[in-house]
Student: 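For reference, the structure I am asking about is given below.
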Protein chains: 2
Amino acid sequence: MKLNNRDYICPVEAVIDILGGKWKLLILRELMSGTKRFSQLRRAIPNITQKMLSKQLRELEERGIVKRTVYPQVPPKVEYSLTPIGKKLSKVFDAMHQWGAEYIKTYLR
Amino acid sequence: MKLNNRDYICPVEAVIDILGGKWKLLILRELMSGTKRFSQLRRAIPNITQKMLSKQLRELEERGIVKRTVYPQVPPKVEYSLTPIGKKLSKVFDAMHQWGAEYIKTYLR
DNA sequence: CTGGATCCAACTAGATACTG
DNA sequence: CAGTATCTAGTTGGATCCAG
């Protein structure tokens, strides 16, 4: 999976390209409920390392899904929020949530 | 990403777990339009290798998304189709398609 | 025709230590 | 507080050859 791959055969691929991987959906889910600081995200997502959190956030920012706001103060304060197109992912998220819940109910218990 | 990981924090993760990777969505998309043979899928999906196609199909089968039907004849004939829960992925697919199209329109041209 | 087996390159993610 | 740097283990995907 490459960054900025514009050779999608189908628009659907863009979603997997952007949301794929272990952490991005969990990060997006946290941001759906509003702006969060780096440390808030870190606490909210169990087991994520600083490296992975900052890397995933940078990728989401590059793709225009997440907005990063730096407050130039000491100690540093950085806030992350969803862009307009990022907020629209909530519909995809809802569809995934509904299907996932049914799948788990059917197959994983 | 592991197979059969039942420790999802959120049902949404199941979708990425099942659909993640380079090929699964493209395979599912082909199967949405009906039952297909191995060779049909191979022709329909540009650049996929035999190994990847059979591997992805096996994973989708293990997860109960795809049904595999073998006709015991020579030469062999194997058909793949979506299970009921697999067919229900079409809603997720549609939401992804809509968002992806808007994203591409906005950011990738 | 429908794959399995093997080898290998590239990428991903975790652990740990360090910094303005 | 919010990261970066480095090292390493594990995973993914491609190429190629083989088989019922």
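Note: hydrogens, waters and symmetry copies are ignored here, and every other heavy atom, side chains too, is used. Each chain gets a letter, A, B and so on, in the order its sequence line appears, and its residues count up from 1.
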Student: What's the closest nucleotide to the side chain of M52(A) if the choices are dG3(C), dA13(C), dG20(C)?
Tutor: dA13(C)
Student: Let me know the distance between CG of N47(A) and C1' of dG14(C), rounded to the nearest Å.
Tutor: 11 Å
Student: To the nearest 10 degrees, how far apart in direction are the end axes of the helix from dC1(C)-dG20(D) to dG20(C)-dC1(D), each fit to five base pairs?
Tutor: 50°
Student: Could you tell me the separation between the CD1 atom of I27(B) and the P atom of dG13(D), rounded to a whole number of Å?
Tutor: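 Rounded to the whole Å, the gap is 11 Å.
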Student: Pick out which of K88(B), K87(B), K91(B) makes a salt bridge (charged side-chain N to carboxylate O under 4.0 Å, His left out) with E102(A).
Tutor: K88(B)
Student: Are any side-chain N or O atoms of T35(B) and backbone N or O atoms of S81(B), one a donor and one an acceptor, separated by less than 3.5 Å?
Tutor: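 Side chain of T35(B) to backbone of S81(B): no pair is present.
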Student: Would you indicate what Y71(B) reaches in the nucleic acid, counting non-hydrogen atoms under 4.0 angstrom: base, sugar-phosphate, or nothing?
Tutor: nothing
Student: Do K51(A) and dG14(C) have a side chain to base donor-acceptor pair shorter than 3.5 Å?
Tutor: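 Flag set: donor-acceptor pair detected.
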Student: How close or far is atom P of dG3(D) from atom NZ of K77(A), stated in whole angstroms?
Tutor: 13 Å
Student: Can you tell if the side chain of L19(B) reaches within under 4.5 Å of the side chain of F93(B), non-hydrogen atoms only?
Tutor: no
Student: Is Q56(B) touching bases, backbone alone, or none of the nucleic acid, heavy atoms closer than 4.0 Å?
Tutor: sugar-phosphate
Student: Using a 6.0 Å distance limit plus a 45 degree cone around the ring axis, check whether K36(B) lies over the aromatic ring of Y80(B).
Tutor: no
Student: Roughly, in whole Å, what's the span from NZ in K55(A) to C1' in dA15(C)?
Tutor: 15 Å
Student: For the pair made of CZ in R42(A) and C1' in dT4(D), what is the distance, rounded to whole Å?
Tutor: 14 Å
Student: Mapping L57(B) and P75(A) to their closest nucleotides on DNA chain C, which lands nearer the 5' end?
Tutor: L57(B)
Student: To the nearest Å, how far apart are R43(A) CZ and dG3(D) P?
Tutor: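 In whole Å, dG3(D) P and R43(A) CZ are 14 Å from each other.
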Student: Taking only the side-chain nitrogens and oxygens of T49(A), find out if one of them lies under 4.0 Å from OP1 or OP2 of dA15(C).
Tutor: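 Negative; the distance criterion is not met.
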Student: Report the nucleotide, chosen from dA2(D), dG14(D), dT2(C), that has the shortest atom-to-atom distance to any side-chain atom of K22(B).
Tutor: dG14(D)
Student: Report yes if a side-chain nitrogen or oxygen of Y80(A) is closer than 4.0 Å to either non-bridging phosphate oxygen (OP1 or OP2) of dC1(D); otherwise report no.
Tutor: no
Student: Check the phosphate of dT4(D) against R58(A), side-chain N and O only, distance under 4.0 Å to OP1 or OP2. Yes or no?
Tutor: yes
Student: Would you tell me if any nitrogen or oxygen in the side chain of R68(B) comes within less than 4.0 Å of OP1 or OP2 on dG3(C)?
Tutor: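 Checking R68(B) against dG3(C): at least one side-chain N or O falls below 4.0 Å of OP1 or OP2.
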Student: dA2(D), dG3(C), dG4(C): which one has an atom nearest the side-chain heavy atoms of V78(B)?
Tutor: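 Closest nucleotide to the V78(B) side chain: dG3(C).
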Student: Determine whether more than 12 heavy atoms belonging to other residues, nucleotides or ligands lie under 6.0 Å from atom CD of E30(A).
Tutor: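 Counting other residues, nucleotides and ligands, CD of E30(A) exceeds 12 neighbours.
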Student: Hey, does R37(B) reach any base, or is it just sugar-phosphate, or nothing, if we go heavy atoms under 4.0 Å?
Tutor: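 Sugar-phosphate: the residue R37(B), judged by heavy atoms under 4.0 Å, touches backbone atoms but no base.
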Student: Looking at every heavy atom in both R63(A) and I18(A), which two are closest together, and how far apart are they?
Tutor: NE-CG1, 3.4 Å
Student: Salt bridge or not between K24(A) and E59(A)? Use side-chain N to carboxylate O under 4.0 Å.
Tutor: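 Yes, this pair counts.
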Student: Counting only side-chain heavy atoms from C-beta out, which of dT4(D), dG14(C), dG3(C) sits nearest to Q50(B)?
Tutor: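 Of the candidates, dG3(C) comes closest.
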Student: Starting at CD of Q73(B) and ending at C1' of dG3(C), how long is that distance when rounded to a whole Å?
Tutor: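 Those two atoms, CD and C1', are 15 Å apart.
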Student: Taking CD1 from I48(A) and C1' from dA2(D), how many angstroms apart are they, rounded to a whole number?
Tutor: 14 Å
Student: Answer yes or no: are there more than 12 heavy-atom neighbours, outside E61(A) itself, under 6.0 Å from its atom CD?
Tutor: yes
